[in-house]
Amino acid sequence: MAQDSGGDEDYVDWNTDDDLEIDNFQFSPSSSPVQPRAETLVGLAVATTSSNSPAETTDLVQMGFSDEIFASLYDMGFSLEMINRAIKETGPNAETSVIIDTISKYSSDCEAGSSKSKAIDHFLAMGFDEQKVIKAIHEHGEENMEDIANALLPCAEPEKSPVVKEEYDIDWSSEDDDVNYDMLVSDDENDPNSNENNNQMRSLVRMGFSELEASLAVERCGENVDIAELTDFLCAAQMARQFSEFHTDPEERKPDNKKRRIESKREPRSSADVEPVRLPNPMIGFGVPNEPGLITHRSLPKIAQGAPYFYYENVALAPIGVWETISRHLYGIAPEFVDSKYFCVANRKRGYIHNLPINNRFQIQPPQKYTINEAFPLSKQWWPAWDKRTKLNCILTVTGSAKLTNRIRNALRPHIGEPEPPQHVQRYVIDQCRKWNLVWVGQNKAAPLEPDEMENILGFPRNHTRGGGMSRTERIKSLGNSFQVDTVAYHLSVLKPMFPNGINVLSLFTGIGGGEVALHRLKIPMKVVVSVEITESNREILKDFWAQTKQKGVLVEFSDVQDLSNEKIERLMDKFGGFDLVIGGSPCNNLAGGNRVSRNGLEGDQSSLFFEYCRILEVVRARMARRAR
DNA sequence: CCAACTATGAGTTTTTCA
DNA sequence: TGAAAAACTCATAGTTGG
C-alpha cells in the first residue's frame, strides 16, 4: 500500500506506561509539511459548512445515483429521507415516476415511518395545536425537531399544558448514572428568582436541551429530583426518538425473556422500558457506498454536538439490552449499525455510536473486492459449483482446525469423478465451511483464512501484525478483535476537510491500531495519538506502524485504561492542547456470540470496561467545554 | 512455560415457506 | 403475515507437545 514519501523528520515515540514524562515534547503543528492536496478535496469543502442544502445530493451522486433524478425530486420538495426511503423500496434504477408514486404513497398514507407524520404525531402528542405544528414543520423542515419545538414553545405554552404520551415512559428511576453530567454544568450563576424548578430548567438549557424538553423533563420527573435524573430522562427520550428512525414497532419485540436482563438489575417499572434496538435490515447504517438508502442528515442531542468528536464501536449482536445501555451512557445517540460486508468480502456486523457529521462521507481507495471470486481469484478453480457462497462470514479470533479440513477432504474423496457429491455430504461440507469460514485452496481442500488474508480483508497493510514477537495464534486473535478499516475510514472521512492540519486523537482499546490505520489511509495527519492498549505485542505493532509510515506526530502509549486517571488525562490535554477525536471499541468478550462460557453482558469482566470509555470521554468533553468558554 | 490445537452451544437474528 | 427452519457469532478452556 501507499506509504508516505518524503519527510525524514523523526517521529517521537513514547512508551510511558506508568509515568507521564513528556518533557522533550517537540511538536510544532505549523511546521508540519503534511497538507491535504487541494484536488483530493474536490466536492468536500463545498458542503462542510452547509448542513441542509441541496449540496448534499453531491454525495448521493458519488454513490452512483443519477444526479438528475435526485435534483428533480429534491426540487419537487421531497425530503432526502423520503427519497432515500423510496429508492430503497424501488431500487436505484427505477423510473422517476415510480419513485414519485412511492413517495406520494407515503404522504397520503400518513402512516408511521414517514418522518413528517412522525414529527406531527410527536408534537400533537405533546398537546400542541395541529395547525401550528404543521406550520412549524413546514417552516423548519420535518427533520429539525429542535427548531420546531423552539418555534412552538413561545406561542403555545400557557393555555395548553403538554400532555406526555406513554411512549416516553422510561425507567428514569435508575441510579446507575455513570455519566457525570454535572461536570458540564457551570457554577457561575446569577439567578434572581431561584426556585429549584427554575434552577434545574436553566441548568438543562445550558446543557443544550431546549426549554421544551427541559420543562417536559421537570414536569415528568418532578421538581425535587437530581439533575442527573433529569438528564437521564432527556437522553433516554432523545434515544427513543432517534431509535424510531431506525427501528419500527417496539411491540414486535419478544416479551420478557426470563434469563435475559443481564443488563439492568433493577426491575423495569412497566413493560414500556427503554425502546429496544432493532437492527436495520439491510445493515447499512446511514448508508454505505454503492447501495441505496443513504441518509445525509440526522439530529443529534445538543449535548453531544460538536467537538470533541467521539467514535465508539462494539459488536452489533450483543445480548438484549446492551445497546440500549451503551446508548444511554453515550448521550442517547442511536447506534449506527453497519455490516462491513458492504466494504469488503467478509461479514462484520458492528454498532457504532458517534457524533460525527454524516454527509459527504467517502471511502478510501482503492475499494476492496466485494465477492469471494474477486477477492480470492486463485480459489476459483477449486471452488465447487455447489458451494454457492459469495461472501465470507465474520473473521473471528480462532480458525478451523487442521483436523476439520481433513474430515472435509475425507468426506469428499470417495466422490471424485462423480458430477457432485451426495446431498448429505454437500450439506455437511457447506455447513462446516460456513461455520469456520473456509475457502477452497485445492481439490477437496477447504482451509481457514491465513493471517495475511485477514489483514487484507480487514484493510490493514500486509504484514501489519506479522513478526515482532507475534505468534500466529496471537495474530489471529488480534485481527479477529479489530476494526474493519474501510468501514471505519468511511465514517471518519468527514473529518478530513475539518482538520486539514491534522488531529489529536485519544485512542482507547487501540488493539492493532485500526483507527490509526484508517486515519492514515485517509491521509488525515495525526498530530498526536495517545493510545491505550493492554496487550504489549499490540502496542508494539502500533509503534512499528508509526515508525514505518514515518508519522510526523507524537505517539504516546499506555497499557491500561483503568490506570489512565482523570488527572493524567488533564495533564495530557494540557500538554497537547486537547483531543479532537476519542475513538475506541471496548472489549466484546462478554457480549460476543462465540463466547459460550462468559457471555455475561456489559457487566462482564472485560466488557464492563465500556464504562471506562465513558469516564475518559467525559473528562475530555468537560475539559474541552471549559476551554471553549 | 509457551504455542498450537481442538472441542465446546446458545442466543438471537435472518431467511424461508406455507 | 407468522411460524419454523436456517444461519451466524470481535470466544474460553482444556489438552498436547515441545
Side-chain angles (χ1 to χ4, degrees), chain A residues 247-249 251-255 257-263 276-283 312-323 337-341 344 346-352 388-389 391-407 427 430-438 447-449 451 454 457-460 465 469-485 487-488 509-512 514-515 533 535 537-538 584-601 604-607 609-610:
Chain A
H247 314 298
T248 50
D249 189 4
E251 300 308 318
E252 291 174 16
R253 195 59 173 229
K254 285 173 195 148
N257 211 334
K258 53 252 167 184
K259 66 191 309 189
R260 305 317 268 146
R261 299 248 157 259
I262 304 165
E263 272 326 288
V277 171
R278 280 197 77 211
L279 300 174
N281 189 6
M283 193 180 279
Y312 173 82
E313 178 258 13
N314 217 319
V315 291
L317 283 78
I320 289 175
V322 168
W323 274 108
F337 291 108
V338 181
D339 191 336
S340 290
K341 74 177 178 183
C344 66
N347 291 1
R348 204 170 187 80
K349 290 177 164 58
R350 296 292 181 270
Y352 306 88
K388 306 290 187 193
R389 289 178 296 159
K391 305 288 284 187
L392 293 176
N393 280 334
C394 186
I395 291 174
L396 305 177
T397 56
V398 286
T399 58
S401 64
K403 285 191 173 176
L404 171 68
T405 63
N406 203 33
R407 284 196 291 268
R427 182 76 205 185
I430 293 288
D431 281 354
Q432 295 302 312
C433 284
R434 287 178 175 278
K435 183 173 183 180
W436 291 103
N437 222 10
L438 308 180
L449 294 179
M454 296 181 185
I457 292 170
L458 292 171
F460 289 92
T465 58
M470 287 287 280
S471 73
R472 181 189 158 86
T473 310
E474 275 181 302
R475 262 184 104 182
I476 293 169
K477 182 172 182 183
S478 289
L479 285 162
N481 279 312
S482 172
F483 285 165
Q484 205 287 323
V485 169
T487 311
V488 172
F509 314 105
T510 303
I512 57 176
E533 167 55 37
T535 308
S537 50
N538 284 346
S586 65
C588 67
N589 307 31
N590 310 116
L591 312 178
N595 189 343
R596 301 151 186 214
V597 180
S598 52
R599 198 181 183 189
N600 306 325
D605 289 344
Q606 288 82 38
S607 294
L609 289 173
F610 160 71

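Everything numeric in this text was worked out from a predicted model, so none of it was measured. Protein chains get the first letters and strands the later ones, always in sequence-line order, with residue 1 at the start of each.
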Using a heavy-atom cut-off of 4.0 Å across all strands, would you classify [X] as base, sugar-phosphate, or nothing?
X: A:Glu474; answer: nothing
X: A:Arg427; answer: sugar-phosphate
X: A:Arg348; answer: base
X: A:Gly585; answer: base
X: A:Ser607; answer: nothing
X: A:Cys588; answer: base

Applying the Watson-Crick and G-U wobble criteria at under 3.5 Å, what pairs with B:dT15? Answer none if nothing qualifies. C:dA4
Let's test this: given Watson-Crick or G-U wobble pairing with both distances under 3.5 Å, identify the partner of C:dC10. none
With a 4.0 Å limit, can you tell me whether [X] has a side-chain N or O closer than that to the phosphate oxygens OP1/OP2 of [N]?
X: A:Ser471; N: B:dA4; result: yes
X: A:Ser482; N: C:dC10; result: no
X: A:Asn314; N: C:dC10; result: no
X: A:Asn281; N: B:dT14; result: no
X: A:Arg599; N: B:dT8; result: no
X: A:Arg472; N: B:dA4; result: no
X: A:Arg596; N: B:dT6; result: no

Is there side-chain contact between [X] and [Y], with heavy atoms separated by less than 4.5 Å?
X: A:Pro448; Y: A:Asn437; value: no
X: A:Arg350; Y: A:Val315; value: yes
X: A:Lys341; Y: A:Leu392; value: no
X: A:Arg348; Y: A:Leu458; value: yes

Find the distance [X]:[atom1] to [N]:[atom2] and express it as a whole number of Å.
X: A:Asp339; N: B:dT15; atom1: CG; atom2: P; answer: 10 Å
X: A:Asn393; N: B:dT15; atom1: CG; atom2: C1'; answer: 14 Å
X: A:Asn590; N: C:dT9; atom1: CG; atom2: P; answer: 19 Å
X: A:Asp431; N: C:dA5; atom1: CG; atom2: C1'; answer: 13 Å
X: A:Leu438; N: C:dT9; atom1: CG; atom2: P; answer: 13 Å
X: A:Gln432; N: B:dT6; atom1: CD; atom2: C1'; answer: 13 Å
X: A:Met283; N: C:dT9; atom1: CE; atom2: P; answer: 11 Å
X: A:Lys341; N: B:dT13; atom1: NZ; atom2: P; answer: 16 Å

Which nucleotide in the set [options] lies at the smallest distance from any side-chain heavy atom of [X]?
X: A:Cys394; options: C:dC10, B:dA7, B:dA3; result: C:dC10
X: A:Val398; options: C:dT12, C:dA7, B:dT8; result: C:dT12
X: A:Val597; options: C:dT12, C:dC8, C:dC10; result: C:dT12
X: A:Thr473; options: B:dA4, C:dC10, C:dT12; result: B:dA4

Any N or O donor-acceptor pair linking the side chain of A:Arg350 to the base of C:dC10 at under 3.5 Å? yes
Say you draw a straight line from CZ of A:Phe460 to CG of A:Leu479; how long is it, rounded to the nearest 0.5 Å? 7.0 Å
Nearest heavy atoms of A:Ser478 and A:Met470, plus distance in Å: OG-CE, 3.8 Å
Result for 5'-nearest mapping on DNA chain B, choosing between A:Thr399 and A:Lys349, is A:Thr399
Please compare A:Asn595 and A:Gly400 by the position of their nearest nucleotide in DNA chain B and report the one closer to 5'. A:Gly400
Polar side-chain atom of A:Asn590 near backbone of A:Asn600 as donor-acceptor pair, under 3.5 Å: no
Considering only the C1' atoms, how many Å lie between B:dG9 and C:dA7, rounded to the nearest integer? 14 Å
